[in-house]
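Letters A, B, ... are given to chains in the order of the sequence lines, protein chains preceding strands, and every chain is numbered from 1. Source: prediction; values computed, not measured.
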Protein chains: 2
Amino acid sequence: MSPRTITDKEFAQREIEIIEIARGLIEFECITTLTIDKLVAAAPYSKGTIYKHFISKEDLFLAICNTCMSEIKELFIRALAFNGSSRDRLEAIMVSYLIWAKLHPAQLFAVLTAHSPSVTACSSDNRLIEHNQCEHQLMELIGVEINLAINTGDLTLPPDMLFEQVTFAYWSAAWGAMALIMSKGESIKLEPMVLERESFTNSRLILDGFGWKPLSNEKDYNQTVRKIAHEIFQPELDTLLKMGTPFIFN
Amino acid sequence: MSPRTITDKEFAQREIEIIEIARGLIEFECITTLTIDKLVAAAPYSKGTIYKHFISKEDLFLAICNTCMSEIKELFIRALAFNGSSRDRLEAIMVSYLIWAKLHPAQLFAVLTAHSPSVTACSSDNRLIEHNQCEHQLMELIGVEINLAINTGDLTLPPDMLFEQVTFAYWSAAWGAMALIMSKGESIKLEPMVLERESFTNSRLILDGFGWKPLSNEKDYNQTVRKIAHEIFQPELDTLLKMGTPFIFN
DNA sequence: TCGTCACGTGACGATTCGTCATTATAAACT
DNA sequence: AGTTTATAATGACGAATCGTCACGTGACGA
């Protein structure tokens, strides 16, 4: 009754495989120069099959973005294992985010462009839902830490403020620095701005603005960042060094 | 010796005209659906002529973006006329930025997408230089106010920090909120985040983080925002109301 | 009036996207 | 084993769009 069927699992597996191939292509070219035809040429599947998975090129982009966000999530989880104050762990999240960005600059572009309206407009509903879940999960991880901080008294939630606003403030400040600095090609530099430094600056300002203890003038967070990086992300630091783009400490 | 010449001035004028036509098209469609062919159909010039002005579609996008930034600059200048503290005037800049964004949501998308690597890659050098100048001018306006604050003692520049970093921190936090909230289509909402509220929150956090006086717990900035909006941007507020997207005060 | 040369034009080749008619194939059945 | 059958895979194709370039046009000087 059902000849030549493909199981859901096989289908999902193949989707992952295609996404990985696409990510591989991006590494050498750029998200912009990636075309469906190139992907078809590089993958052991035909165009029709690929369009079974992604309803459009943008849908593929968003799928790549979602995969990246899942990867980032894993790093976040590792970061949250840092033994320190709640604020230390937020710093650790920033470290992990930066490390990922530096490890995969081409992929980061994919994540950035995935936030453009064209991608949102041309992606499948399921993919968009998945994307929202990914974003939600990342924010949730930050949210848990914020809750902890409130419970321990390190952070006092301003009375007229929603809980999610704290997450959003932190996330958006990090996003802004990332987007502005990384979008500039090598051709034009945005002053002498350094991704790592400005990101930590934004983090510090936002958290100090909340009065999240210990404040940055009570503690040397540069030291904390070094400790986090070496304790949790030493392998990644080594890779970055080998890539010629070492993590820059203050 | 030179038959049928076009002066530089005429050329520049025509460029402005074409950009305005393109902006008009964007209003009804979207930056993504804007094609050169549509522009050619809408403009009294042929494709060849248009390609005399813009070396690529992306170059046109960046030109639109630059025009928008010049418009924003004018609003910034108006904002800076606000009679108050230096921090009040930064708040005024945020108000003007938000008002522009709400007045021209479609154009804002153009500005956002103009920051994607594809646009940077395919634009002419001149256009990129112009873009950098626009960005620089906007930041410079903020920079002037920061200097004033330092001179009056409202702000103490952290010893290990460059002057430009203050500007960048403020600008990137504003950018992040804008990019994250506006990039979400109507389909998917990012929690109950409100552009105006989160923008002012970010602004307050960053400036409080710097210890920029008067701090937000010493003064009701919601009141200041209302004052700024009504004193300087009442016509725009009325327009927004008519558009059905009123400026949202806290 | 005519020649010239910069400017304007839009047809065209080249890409790339996404579809769909056709082919291949594995399971079920005889 | 051979046949049937429904589903999956394929890639040729039409449509859309980009950017170019060979040709047309017209203002000005001679």
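With a 3.5 Å ceiling on both atom-pair distances, the Watson-Crick or G-U wobble partner of dA30(D) is dT1(C).
Y45(B) places its OH atom 14 Å from the C1' atom of dT9(C), with the value rounded to the nearest Å. Atom-to-atom, NZ of K38(B) to C1' of dA15(D) comes out at 14 Å; the value is rounded to the nearest Å. The CG atom of L39(A) sits 14 Å away from the C1' atom of dG18(C) (whole-angstrom rounding). Rounded to whole angstrom, the span from the CG atom of D8(A) across to the C1' atom of dT7(D) amounts to 14 Å. Going from atom CG of L60(B) over to atom C1' of dT17(D) covers 14 Å, rounded to whole Å. The distance from atom CD1 of I55(A) to atom C1' of dC20(C) is 17 Å, rounded to the nearest whole Å. Distance, I50(A) CD1 to dT19(C) C1': 15 Å, rounded to whole Å. The separation between F11(B) atom CZ and dA6(C) atom P is 15 Å, rounded to whole Å.
Residue R14(B) places no side-chain N or O under 4.0 Å from the OP1 or OP2 atom of dC7(C). For T49(A) and dT10(D), the shortest distance from a side-chain N or O to OP1 or OP2 is below 4.0 Å.
A salt bridge links E196(B) to K102(B): one of the charged nitrogens lies within less than 4.0 Å of a carboxylate oxygen.
With hydrogens and angles ignored, a donor-acceptor pair under 3.5 angstrom links the side chain of K47(A) to the base of dG18(C).
Among the protein residues, T35(A) comes within range of the sugar-phosphate backbone only, with heavy atoms under 4.0 Å from sugar or phosphate atoms but none that close to a base.
Under the 6.0 Å cut-off for aromatic ring centres, W175(B) and Y170(B) do not qualify, their centroids lying 6.0 Å or more apart. Here the two rings, on F11(B) and H53(B), have centers that are under 6.0 Å apart.
Of the candidate nucleotides dT20(D), dA9(D), dG8(C), dG8(C) has the atom lying nearest to any side-chain atom of K52(B). Across dG18(C), dA9(D), dC18(D), the shortest atom-to-atom separation from the side chain of I36(A) is found for dG18(C). Which of dT19(C), dC18(D), dT9(C) sits closest to the side chain of Y51(A) comes down to dT19(C).
In this structure, R14(A) forms a cation-pi arrangement with Y45(A), its terminal cationic atom sitting closer than 6.0 Å to the ring centre and no more than 45° off the ring axis.
Between N202(B) and E198(B), the side chains place no donor N or O within less than 3.5 Å of an acceptor N or O (distance only, hydrogens not considered).
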